[in-house]
2 protein chains.
Amino acid sequence: MQFSPSFQQLIDALRCLPTVGQKTAQRMALHLLERDRAGAGQLAEAIGEALEKLGHCRSCRVFTEGEICPICADSQRDDRLLCVVESPADWIAIESSGAYQGRYFLLLGRLSPLDGIGPDELKLDQLADRLDQPGIEEVILATSATIEGEATAGYVTELARARGLRVTRLAQGVPMGGELEYIDASTLSLALKGRREAES
Amino acid sequence: MQFSPSFQQLIDALRCLPTVGQKTAQRMALHLLERDRAGAGQLAEAIGEALEKLGHCRSCRVFTEGEICPICADSQRDDRLLCVVESPADWIAIESSGAYQGRYFLLLGRLSPLDGIGPDELKLDQLADRLDQPGIEEVILATSATIEGEATAGYVTELARARGLRVTRLAQGVPMGGELEYIDASTLSLALKGRREAES
Ligand SMILES: [Zn+2]
Ligand SMILES: [Zn+2]
C-alpha cells in the first residue's frame, strides 16, 4: 500500500498512541484530514503545548504547568492526609471518585529489585522529604495489589512509621492483582472509606 | 476532576479522534507525556505537516502532496481501468487487497437527494472530465451496497455509458448494507475478479 509520504508519516505517528494499530491509525488519519481539520490543528497544538509546559509538581509529582499543581496549591485540601499512588492514572482514578480531599504523592513507578528499580530509581528521597514536612498525620497507601505494589507499600510504610505517622491502606474492594486505574469510582470510594491500619 | 490547563486541553483535543472517549483520551494523554514524549512530538509534527502539505490529487482526488498522487503518476498502472470509490477509506481497502492495478476516482461522498447532496455537491463534473480523457475502457463501480451507494452507482453508470464505456461492478461477496472499508482483503480480491456488467 503506497501512501503519500505525509499521510504515511501521520499514520505511523498515530501508532504511538496506546492500543492504536495500523487499521485504527489509518481511520484516525482519514478522520483528521477529511472530517476534522480544525480538531487536527488543535490536537497538534495541544500536544506541543503540553510537552513544552507540563512538568512535575515539586511537591506531589503530578503533571502541572507551574512549580506547584492546583491540588497542592489548594488551601481547602486536608494537609493531614497524604495518599501515595503509583502513577498519574491511579491519581486520576482516586481524584475522580470525589471521595478524597487530602494531598497526594506520586511514586511514578513501583519497586522491582529484579528489574533494578530500587528506592533511588524512584527518587524516594523526595517522598522522605515530603514526609518530613509538618502537618501530615496519616499516609494512605493506594499502591497496586501486585507483588511489586506490596513491596513498594512495605517500603513506604517503613518511611512513614519511622516518622511516627499513621499508615493506612485502601480497604478490601480492590481486587487482587487488579490495576487501580480500571476500578470504578464507587468501589474506590468504598475502599477509601474502609481503609485500615497497615500490617507491620 | 481538576487537571492543569495544558493537560486538560490535551485530553479534550484527543477526543476529536474517532471512538476516543474521556477515559481513553486520559490514558492517551498520560501515555504521551509519561512514556513516549518523542512519539508525542512526532505526532504533533506529523499532524501539522499533513494539514499543511496534503491536498487532493487533481486526477483521482486521493490525498497527496503534489498535484498528482503516486498512483496516478505511476506509468505501470493500467490506464484502461478506472475504479470509482466513495471514500479514501474504500480506496485504501481496495488498494490494500493488491488485486487491482488500474486507476481510481474518489467520489468523496454519495448522492443523497434527501440530504441535499447532488452531483454538484460531489463535483461530479470532475468525474465527467476524467471520463472524457482518452484511454479508459472500463469503469469499475466500487460504491457501497447501500441505497445512496446504489443511487450514486446509477448516476456514474449513466455518465460512463454516455461515453461508450463498459461499466462493471464488484462481484457478489460484498454483503448487503456492508461498508466497504471493513471488508477483508481476500473477499475484496474475489469481488474484484468476479466483477460483472452493470444492469441498466
Ligand atoms: Zn502537587
Ligand atoms: Zn491520483
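Scope of the values below: all heavy atoms of this structure, side chains included, with no hydrogens, waters or symmetry mates.
To the nearest 0.5 Å, the span separating CG on A/L54 from CD on B/Q9 amounts to 9.5 Å. Here the CD1 atom belonging to B/I47 is positioned 11.5 Å from the CD atom belonging to A/E45, to the nearest 0.5 angstrom.
Side chains of A/L17 and B/H31 form no contact here, defined as non-hydrogen atoms less than 4.5 Å apart. Between B/T19 and A/T24 the shortest side-chain heavy-atom distance does not fall below 4.5 Å. In this structure, A/E34 and B/P88 have side chains that are in contact, with non-hydrogen atoms separated by less than 4.5 Å.
Residue A/R37 places its CZ atom among more than 12 non-hydrogen atoms of other residues, nucleotides or ligands, all under 6.0 Å distant. Within 6.0 Å of CZ in A/R35 there are 12 or fewer heavy atoms belonging to other residues, nucleotides or ligands. Within a 6.0 Å sphere centred on CZ of A/R80, heavy atoms belonging to other residues, nucleotides or ligands number 12 at most.
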Before giving the answer on side-chain contact (heavy atoms from CB on, under 4.5 Å), spell out for A/M28 and B/V20 the whole-Å C-alpha distance, their side-chain angles and the decisive distance to 0.1 Å.
-> CA-CA 10 Å; A/M28 286 177 165; B/V20 173; 3.9 Å; yes
Stepwise, does the side-chain contact (heavy atoms from CB on, under 4.5 Å) test hold for B/I92 with A/L30?
-> CA-CA 10 Å; B/I92 290 174; A/L30 289 175; 3.8 Å; yes
Taking it one step at a time, do B/S6 and A/E49 satisfy side chain to side chain donor-acceptor pair (under 3.5 Å)?
-> CA-CA 7 Å; B/S6 310; A/E49 211 163 286; 4.7 Å; no
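No continuous path of hydrophobic side-chain contacts links B/I94 to B/L127 [ILVMFWY only; heavy atoms under 4.5 Å]. Note on B/I117: it clusters hydrophobically with B/V84, by side-chain heavy-atom contacts below 4.5 Å among ILVMFWY residues. Residue B/L159 is grouped with residue B/V167 when hydrophobic side chains (ILVMFWY) are merged at heavy-atom distances under 4.5 angstrom, including chains of intermediate members. The hydrophobic cluster containing B/I68 does not contain B/L131, counting ILVMFWY residues as joined when their side-chain heavy atoms lie under 4.5 angstrom apart, directly or transitively. Using a 4.5 Å cut-off between side-chain heavy atoms of Ile, Leu, Val, Met, Phe, Trp and Tyr, with links allowed through other members, A/L14 and B/L33 fall into the same hydrophobic cluster.
Contact count versus chain B (heavy atoms, under 4.5 Å) is highest, among A/P5, A/A89, A/G98, A/A38, for A/P5. Chosen from B/L10, B/D74, B/L51, B/I71, the residue pairing most often with chain A at heavy-atom distances under 4.5 Å is B/L51. The most heavy-atom pairs under 4.5 Å with chain B, out of A/R27, A/R15, A/K23, A/E95, come from A/R27. If you tally non-hydrogen atom pairs under 4.5 Å between each of B/G39, B/A50, B/P18, B/P70 and chain A, the highest count goes to B/P18.
The two residues A/G48 and B/A44 make their nearest non-hydrogen contact at N-CB, 4.3 Å. When all heavy atoms are compared, the tightest approach of A/A40 to B/C16 is N-SG, 4.4 Å.
Heavy atoms of A/E52 lying under 4.5 Å from chain B are absent altogether. Within the 4.5 angstrom heavy-atom criterion, no atom of B/V62 approaches chain A. Heavy atoms of B/I11 lying under 4.5 Å from chain A are absent altogether. If you measure heavy-atom distances from A/Q26 to chain B, the contacts under 4.5 Å come from the side chain alone.
In this pair, B/F7 and A/F63 present their aromatic rings parallel. The plane angle is below 30°, not in the 30 to 60° band.
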